[in-house]
Amino acid sequence: IVASKPEELDLLLDRLTVNVTEFFRNREVFDILESTTFPDLIKKNKDLRIWSAGSSEGREAYSFVMILKKLMGKDLNRVRITATDIDDEKMQCGRIGKYKFMNEKDIDKELPDWALKMVKRDPLMITVPSDIRRIVNFVHHDLLKEPPLNKMDMVSCRNLLIYFPKEAQVIAINKFHEALKDDGIM
């Protein structure tokens, strides 16, 4: 069926990939990024390059940008985030930067008050503004089949490795290690 109907491959891929994502998921992790990790990276790097692997629709990548904007202000142009995934449809959603929610309480739960001030909010949707969207480059990338990105200051793979079998995890970790600068962090 897949050979005769290419659109079936897209449907199959959507069913097989896990697209669990939210802004600032596990808030305590983002608190550490804001208080320690990002300030250290900002201090030691002229330009900051981050790879968000398995990014789905980019909520994690945009969460990074919001924290960095809070910390850096107008210096945000020093930051480049590459968000990669194999699901082109989810990445297109990220490029557009419009996210629907089931109810207003979900918006308040996902985004801290200070971050809500950075986005446009409608009753059941938020729109990420262009000054934040321009920092993130969405790229189709099959981590297990393609070469890694390079010269990264940080690699995030928070929602990826748990879905890989052990052999694939080893391949991915080796590629992440190869992608990092000598003093980069994962």
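Asp106 is linked by a salt bridge (charged side-chain N to carboxylate O under 4.0 Å, His left out) to nothing, counting only residues two or more places apart in sequence or in another chain.
Side-chain contact between Phe64 and Ser156 is present, with heavy atoms from C-beta onward closer than 4.5 Å. In this structure, the side chains of Phe176 and Pro148 stay at 4.5 Å or more apart for every pair of heavy atoms. Side-chain contact between Met72 and Phe38 is absent, with no heavy-atom pair separated by less than 4.5 Å. Side-chain atoms of Leu144 and Phe164, non-hydrogen and from C-beta on, do get closer than 4.5 Å to each other. Asn45 is not listed as a side-chain neighbour of Met154, based on a closest heavy-atom distance of 4.5 Å or more. Side-chain atoms of Thr84 and Leu143, non-hydrogen and from C-beta on, never get closer than 4.5 Å to each other. No side-chain heavy atom of Gln92 sits less than 4.5 Å from a side-chain heavy atom of Phe138. Under the 4.5 Å side-chain criterion, counting only non-hydrogen atoms from C-beta, Leu41 is not in contact with Arg49.
Ion pairing between a basic and an acidic side chain is recognised when a charged N comes within 4.0 Å of a carboxylate O; Asp108 and Arg121 show such pairing. Here Glu22 does not pair with Lys109 in a salt bridge; the nearest charged N to carboxylate O distance is not below 4.0 Å.
Rounding to the nearest 0.5 Å gives a distance of 8.0 Å between CZ of Arg80 and CG of Leu76. Interatomic distance, Lys117 NZ to Leu111 CG, rounded to the nearest 0.5 Å: 13.0 Å. Note that the OG atom of Ser52 and the CZ atom of Arg59 stand 13.0 Å from one another [nearest 0.5 Å]. The NZ atom of Lys175 sits 13.5 Å away from atom SG of Cys157, with the distance rounded to the nearest 0.5 Å.
Counting only distance, with no hydrogens or angles, the side chain of Asn26 and the backbone of Val29 share no donor-acceptor pair below 3.5 Å. Panel note: side chain Glu57, backbone Gly94; no donor-acceptor pair is recorded below 3.5 Å.
Minimum heavy-atom separation, Asp85 to Ser55: OD2-N, 3.3 Å. In plain terms, the two heavy atoms of Ala53 and Leu160 that are nearest each other are CB-CD2, 4.0 Å. Annotation for Met125 and Phe101: closest pair CA-CD1, 4.5 Å, computed over non-hydrogen atoms. The shortest non-hydrogen separation linking Ile107 to Asp122 is CD1-O, 4.1 Å. Nearest heavy-atom pair, Arg134 versus Asp131, reported as atom, atom and distance to 0.1 Å: CG-O, 3.6 Å. Between Asp88 and His140 the shortest heavy-atom distance is OD1-ND1, 2.8 Å.
Cluster membership for Ile67 and Met152, using ILVMFWY side-chain heavy atoms within less than 4.5 angstrom, is not shared. If you chain together hydrophobic residues whose side chains sit under 4.5 Å apart, Leu71 and Phe23 fall into the same group. A single hydrophobic cluster is seen to contain both Leu116 and Met118, as judged by linkage of ILVMFWY side chains at heavy-atom distances under 4.5 Å, directly or through other members. Follow the hydrophobic side-chain contacts under 4.5 Å out from Ile50 and you reach Ile135 in the same cluster. A chain of hydrophobic side-chain contacts below 4.5 Å, direct or via other Ile, Leu, Val, Met, Phe, Trp or Tyr residues, connects Val136 to Leu68.
Surrounding NZ of Lys105 are at most 12 heavy atoms belonging to other residues, nucleotides or ligands under 6.0 Å away. Under a cut-off of 6.0 angstrom, the local environment of CG in Asp183 is crowded, with over 12 non-hydrogen atoms contributed by other residues, nucleotides or ligands.
Between His141 and Trp51, the ring planes are perpendicular. Angles over 60° get that label, and only those under 30° would be called parallel.
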Evaluation steps, side-chain contact (heavy atoms from CB on, under 4.5 Å), between Ile173 and Leu161: CA-CA 9 Å; Ile173 289 170; Leu161 295 179; 3.9 Å; yes

Stepwise side-chain contact (heavy atoms from CB on, under 4.5 Å) test for Val79 and Val65: CA-CA 8 Å; Val79 177; Val65 178; 5.6 Å; no

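Checked against the 6.0 Å centroid threshold, Phe24 and Trp114 count as a close aromatic pair.
Under the salt bridge (charged side-chain N to carboxylate O under 4.0 Å, His left out) criterion, the residue pairs touching residues 137-163 are Glu60-Arg158, Asp153-Lys181, with sequence neighbours excluded.
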